[in-house]
Each structure stands twice: as structure tokens, then as C-alpha cells.
Number of protein chains: 2
Amino acid sequence: MKNKIMGSNGRVTIKTVAADAGVSVAAVSKVLRDAYGVSEALRTKVLESIDRLGYRPSTAARGMRGQTYSVGIVMVEMANPFLPEIVAGANDVLATEKYHSMIGVGEAQLKLETALIERMIDTRMDGVLLIAPRLSGEQLARYARQLPMVVIGHHEPQAQAFDTVNSDDQMGGRITVEALVAEGHRRIAMMSLPEKGSTEVDVYRQREIGYVEAMRAAGLGDEIRILRSRERRRLVEADLATALDGPELPSAMFCWSDLHAISLLSGAKSRGIAVPERLAVVGYDNSPVAALSMIGLSSVDQGGRRLGEVAARTLLSRIGGRSAPEHLLLDPVLVRRESF
Amino acid sequence: MKNKIMGSNGRVTIKTVAADAGVSVAAVSKVLRDAYGVSEALRTKVLESIDRLGYRPSTAARGMRGQTYSVGIVMVEMANPFLPEIVAGANDVLATEKYHSMIGVGEAQLKLETALIERMIDTRMDGVLLIAPRLSGEQLARYARQLPMVVIGHHEPQAQAFDTVNSDDQMGGRITVEALVAEGHRRIAMMSLPEKGSTEVDVYRQREIGYVEAMRAAGLGDEIRILRSRERRRLVEADLATALDGPELPSAMFCWSDLHAISLLSGAKSRGIAVPERLAVVGYDNSPVAALSMIGLSSVDQGGRRLGEVAARTLLSRIGGRSAPEHLLLDPVLVRRESF
DNA sequence: GACGATATGTATAACGTTCTACGTATAACG
DNA sequence: CGTTATACGTAGAACGTTATACATATCGTC
């Protein structure tokens with residue numbers, strides 16, 4: 001067994017492969033990149049050496065000059081039950097193209113989000129997928145000029161620098177109201193987040209728009225009622241209690257998220273309010289908890305896995321060179337359970 | 001404004017900083033690394049240039065020769081509700097030392113786990129934190145010889161090449177049985193996973209050991225009963241139904257995970273089995289779902305955040321050069337709710 | 001001032017891969 | 001056979017940072 005040319009730390013490098021196959025380093029690189037200018041014979045020889053030696057390219061070295069075949073995912077938080085499906089869907093697609101994703105958790109903090117995106121740029125990731133980012137559209141665009149970007153959970157169809165892939169949140173509000181109206185409900189309220197500081201890129205604002213439109217279309221413009229709950233997890237139950245104990249309990253409540261809907265269910269039960277007889281409840285996200293038979297929450301399903309798949313495909317096409325923006329909306333579905 | 005020396009793509013590089021500060025590239029590098037051999041005056045000058053220019057080191061270039069100040073986390077799956085707290089705790093500690101974590105999801109698949117760890121090595125991450133890996137201790141040790149490693153959810157106190165940080169799973173079984181016994185329960189069964197293919201590194205095997213020991217200590221050796229549920233999510237409910245419909249329903253059931261416990265609660269309710277009067281139920285993990293008032297599951301709390309913090313600290317000390325192994329156990333706590 | 005010890009700052013190669021320029025071989029055509 | 005076009009493979013620089021060797025400056029002592 002001949003002496004092998006190894007990198008520092010005893011690692012098999014492209015030089016090891018070149019020596020084993022009896023070709024130049026540049027030839028091995030061409031084979032790895034599927035670049036023009038190597039014969040089939042040389043290619044076969046090199047691939048055999050790569051196999052035999054168990055060579056893996058150094059991602060760090062690739063980042064100096066070429067592609068790393070990695071994608072960053074920045075998630076707003078880890079505990080959100082909607083996100084695993086998105087990530088799984090994205091990873092399915094990425095894996096077919098030999099890409100790996102690396103996830104950073106932004107904790108809904110601008111500073112952290114910024115630091116993560118910048119670290120991904122510094123690591124020379126080929127692209128980034130943001131899920132429910134807190135950065136503004138302008139800030140997103142600035143980073144998108146530095147690396148390919150796709151955003152989920154941010155509605156900005158006029159954005160040029162990055163793509164968006166979303167569930168159609170207006171439609172989610174609409175189909176929920178339509179279904180409740182078809183059951184005879186007239187007093188349909190919506191539980192959302194504070195209006196202050198929000199814009200129409202936010203998913204809950206889009207859901208409100210759909211709710212309002214459908215109520216109007218059903219001739220229920222006078223019954224439009226949007227209640228606002230503070231976002232802090234600890235404050236949600238207090239705000240929901242206010243809604244449940246208020247003077248005019250609606251016959252149905254559409255909540256912008258499952259978390260709120262589940263808390264509402266809980267509060268209603270403890271007050272002896274019959275669900276769905278006295279109060280029908282619909283959430284949003286169709287999280288696994290919603291499906292527990294002890295919960296039985298009706299909920300709008302956004303098709304997280306499909307979202308992830310489409311977003312990853314869109315990102316790969318950006319990485320491949322496309323610069324014309326794409327803004328996609330996928331149809332949500334209302335999943336009915338006992339709460340409605 | 002003078003011409004600035006910029007890297008490819010218009011990026012501020014170490015050369016830009018050196019030129020701006022009027023010093024050599026190597027001096028700037030020494031400042032960045034806090035290395036010996038630069039004066040305070042030069043240091044101040046360089047740091048001002050770094051600030052003014054908004055210089056960020058290229059992580060890829062750092063990976064060629066030095067440290068990247070990044071840590072990989074490989075998680076068994078994304079949807080596990082126990083994991084967000086671990087990651088949050090780890091990230092808190094890592095952030096104080098200017099490290100970023102990047103998460104890969106192994107989906108409980110050996111091939112994927114392997115590929116992720118290798119990609120983290122290729123990216124020259126400074127260390128890796130594995131959460132409930134499926135790789136064997138031997139395989140873990142092989143990778144741990146290539147980069148610093150800490151493992152959570154894998155009990156191997158004799159391992160030399162990597163560290164472990166775990167909740168004391170035996171103790172979790174023990175305190176549960178003790179509490180049930182103190183309430184007068186004698187027929188206490190445990191719901192666990194299949195014995196085939198498992199070893200004592202697995203958390204559920206450790207919980208079984210604690211269960212068995214505490215039953216014996218309470219003079220209930222004859223009442224030891226470990227039921228086994230297949231791991232596939234879809235099969236859990238069928239296996240639990242078998243347990244609920246069996247000839248001898250115990251008076252209490254200790255489940256190795258909240259998922260199983262919640263399904264058991266659901267099954268018991270649908271059969272009219274009064275919880276906790278006819279059947280007391282205790283889960284493991286104290287997940288957010290367990291705490292929902294509509295669920296009210298008593299559960300063993302592992303202190304995920306604390307686990308993450310300790311694990312990150314342990315990893316940083318490994319990265320800092322320590323090679324003597326550390327194996328830490330944190331005490332779990334039984335959280336009581338309506339199910340018991 | 002001379003000498004020795006220590007601190008400081010620079011020059012330069014290394015790290016592993018990609019990109020590009022270009023020399024040479026090969027094939028096709030007249 | 002000579003000419004032209006194309007394919008193939010190599011040499012070497014680039015990428016941005018770190019690590020190390022070493023020249024020179026500075027400080028303390030005699």
C-alpha cells in the first residue's frame with residue numbers, strides 16, 4: 001500500500017483522490033462539479049477513487065470559492081407545532097439534490113435573526129429559507145441581495161429580491177366563516193393579535209382580511225368583531241377569559257392560532273359553556289394537539305409539509321440562477337372535529 | 001475617502017481592516033483571536049476599524065485553519081415537545097461565548113444522523129451536541145475522536161471519547177413509583193418500548209430500571225409489570241387499547257413518555273375508566289401538552305432547559321481542550337396534576 | 001553604552017477547493 | 001499532409017483567515 005497524500009489531521013483530500021486516480025487536482029474538481037471538460041473514462045476512474053477512499057469534500061474549503069450545498073433555515077421558534085412539518089417537507093426536497101439544511105432558531109428576536117442570517121452568509125450557505133421572520137420586508141430584501149432567499153409566513157407579493165411561499169391566509173379566514181355560516185352561525189367573532197405595529201405582511205392580518213371579506217359577503221358586516229389578544233403566552237388566557245366572560249358571547253369563534261383556540265376551549269369547558277353547542281371554536285394550524293381526541297379542535301390546515309417542499313424547490317431554483325421573483329399561495333383546508 | 005481593499009463580492013475582509021488600521025493582516029488576526037503579541041494601542045486601533053467597517057470574519061475561511069465559533073446540534077426529531085427547552089438552554093449558554101448553534105434533524109434515521117455529523121465535521125464546526133441519537137456508543141466514539149462531542153439522552157457513563165449529560169432516568173422511575181405507592185397504589189404497571197434491540201444506554205431502559213428497583217424496594221416485586229408498545233406512532237394507540245382492555249387493569253400506569261400517557265388518558269376516557277380514581281396515569285417529559293388543563297397529566301419533568309445549559313457548558317469546556325470525560329446526571333422532578 | 005531578555009509586529013506559507021488560462025491531443029475536412 | 005475546430009487535462013492563482021518563524025524594538029541590568 002503506497003503512501004497516501006493526506007490533508008492535515010489525516011483527512012482524505014482532493015489531492016489524495018487525484019494521486020490515487022493518477023490525474024490532476026483540477027480534474028477531480030471538475031468531476032465533483034460535473035463540469036465540462038473531462039472524459040467519461042477519467043470520470044469513472046475518479047469516482048472509483050472517491051468511493052474507495054471515502055472522500056468527502058471539505059465544506060469549509062468549498063465555501064471559499066464555490067458552493068457548499070447547504071441551506072440555512074431560520075425558524076421563529078422551536079416550540080411552534082406547525083414548523084416540524086414545514087422543515088420535514090423542505091428537507092425531503094433538499095435531500096434529493098444533495099443539499100443539507102442547518103436550522104437556526106431566531107426566538108422572534110430581531111437581533112438574533114439578523115445574527116443568524118449573517119452567520120449563514122459568512123458560512124457561505126447557498127441559500128436561506130426564513131420561516132415567519134420578524135424582520136421587515138426591506139431588511140429581508142437587503143439580505144436577499146447577498147444570497148438566495150425564500151420566505152414562508154410573510155406576505156409580500158410585490159417583493160423583487162426574494163420569493164415567498166405561503167398558505168393563502170385570506171382564504172383560510174374565508175373558508176372558516178363560510179363553513180360556520182353554512183351551519184347557521186351569524187355571530188362569528190375572530191380572536192387575533194394586536195393591530196398596533198402589524199402590517200399586511202403578517203399572517204394574522206391576512207386571516208383577518210379573509211374573515212372580514214367573508215362576513216361581508218354573507219351579509220354579516222354588522223357582526224364583524226375582531227378581538228385582540230396580546231402575544232405573550234402568559235397573557236393569552238387572561239385575554240380569552242375577558243372574551244368568554246364578556247357581555248355578548250358569540251355563537252362561534254375563529255382563532256388566528258391553535259394555541260389560542262385550545263386555551264379558549266379550556267376556558268369554555270371550565271365555565272360550563274358547551275362546545276360546539278353554545279360556542280363553536282375553530283383554530284388555525286391543525287397542530288397535533290388539535291387532533292388529540294381529548295381536545296378535538298377544528299382547525300385550518302396549512303399543509304405544512306407541502307409548504308416546505310414548495311419552498312425548498314423555489315429556493316433551489318433561486319440558487320440555480322433565477323432572479324425573477326416568485327410568490328406562491330397554497331390553498332388551506334378546514335379540518336372539522338368536535339369543536340365545530 | 002480612500003480606495004478600500006475589498007474581498008470578492010465587495011465584502012469587507014481582514015485585509016480591509018488591516019489597511020484601514022495601518023497594520024498587518026497577521027496583527028488583525030491576533031486581535032481577533034485574542035492572541036499574545038499585540039499592544040493595547042494596536043488592539044484599540046484595530047477594534048475601531050472593525051467597528052467602523054462592520055467587518056465580520058468569514059466562517060468558511062476560519063474553517064480552513066482555525067475555529068468557526070459554531071456548534072452543531074443533531075436532534076432526533078423536530079416534533080418532540082421536550083427538545084425546544086433543551087435547545088433554548090444550550091443556545092443561552094452558547095450565545096454568551098459568541099457561539100452559534102446550527103441544528104440538523106436526524107429523523108431517528110442512522111443514515112441521516114451520520115450524514116449530518118459528517119457535514120458538521122466537514123464544515124469545521126467546533127463541536128457537536130447530540131440529542132437522543134440513534135447511533136451506538138461505538139459509532140459516537142468514532143466521531144468524537146474527530147470533534148468535541150456531548151450527548152444528551154444516551155446513558156454511557158464509561159464512555160471516554162465523549163461526555164454525557166442526562167436527567168437521571170432511573171430516579172425518574174423511582175420517584176414515580178414511590179409517589180404512587182405513597183398514595184396506596186400496589187398494582188403499578190409501566191408502559192415502555194420493545195426490549196428487543198435496546199440496551200441500557202436507552203433512556204426508557206433506564207426508566208424501567210428505576211421502576212423495577214422502586215417496586216422491589218416497596219415489597220411489590222410480584223407486581224412488576226412492564227408492558228411494551230411498539231414505537232411507531234400509529235401503533236401506539238392499538239397497543240394501549242390492548243393494555244386498557246386486558247384482563248387485569250392496574251390501579252396505576254407509569255408511561256415512559258407523555259405521548260403514551262396522553263393516548264392512555266384518551267383511551268381510558270373513551271372507555272369510561274375514571275382517571276385517577278380507577279387508573280392513575282403518570283407520563284414522562286412534562287411537555288406543554290401535559291400541562292393543558294383539558295389534559296392535566298402528571299409527568300416527570302427533566303428540566304430540559306437546565307440540561308441544555310449544562311450540556312453546552314460541558315461542550316465548551318471540551319472545545320477548550322479538556323479530554324477527561326464527564327458524565328453528569330440531573331435530578332428530575334415529578335409534577336402532579338389531575339391524572340394522579 | 002553594551003548586553004540579554006522579552007515584547008511586538010510583519011512576512012509568508014498553509015489550509016482544501018474552485019476557477020481560468022492555455023498547451024496539447026484528437027477529429028474532421030479539403 | 002496541412003489546417004481548423006473542438007475536447008481534454010493540467011498548472012497555478014485565488015479565496016480569507018490562521019499559525020509560525022523571525023527581525024526589530026524596547027526594557028532592564030550591569
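Labels below follow one simple rule: chain letters A, B, ... track the order of the sequence lines, proteins then strands, and each chain is numbered from 1. The analysis underlying the following values was restricted to heavy atoms, covering all of them including side chains, and did not include hydrogens, waters or symmetry mates.
- Taking a pair as Watson-Crick or G-U wobble with both distances under 3.5 Å, the runs of three or more consecutive pairs in DNA chain C are C:1-30 with D:1-30.
- With respect to the salt-bridge test (charged N to carboxylate O, under 4.0 angstrom), the residues D92(B) and R305(B) qualify.
- Partners of E138(A) under the salt bridge (Lys or Arg N to Asp or Glu O under 4.0 Å) rule, at least two apart in sequence or in another chain, do not exist in this structure.
- Rounded to an integer number of Å, the gap from I50(A) CD1 to dG16(C) C1' is 14 Å.
- The side chain of A27(B) lies closest to dT10(C) when the candidates are dT10(C), dT18(C), dG16(C).
- An OP1 or OP2 oxygen of dG16(C) is reached within less than 4.0 angstrom by no side-chain nitrogen or oxygen of T13(A).
- A donor atom on one side chain and an acceptor atom on the other are found under 3.5 Å apart for S317(B) and R322(B).
- Note on V23(A): only backbone sugar-phosphate atoms sit closer than 4.0 angstrom, heavy atoms only; bases stay farther off.
- Side-chain nitrogen and oxygen atoms of Y36(A) include none within less than 4.0 Å of the OP1 or OP2 phosphate oxygen of dC19(C).
- The residue among V38(A) and Q67(B) whose nearest nucleotide of DNA chain D is located toward the 5' end is V38(A).
- Close approach of DNA chain D to chain A, defined as any atom under 4.0 Å from a non-hydrogen atom of the protein, starts and stops at dA7(D) to dG16(D).
- Counting non-hydrogen atoms under 4.0 angstrom, S39(B) reaches the backbone sugars and phosphates but no base.
- Backbone-only engagement by G66(B) is indicated by non-hydrogen atom pairs under 4.0 Å involving sugar-phosphate atoms exclusively.
- Between R65(A) and dG16(C) there is no side-chain polar atom (N or O) within less than 4.0 angstrom of OP1 or OP2.
- Note on R11(A): every side-chain N or O is 4.0 Å or more away from OP1 and OP2 of dG16(C).
- Side chains of Y143(B) and E118(B): a donor on one and an acceptor on the other come within 3.5 Å.
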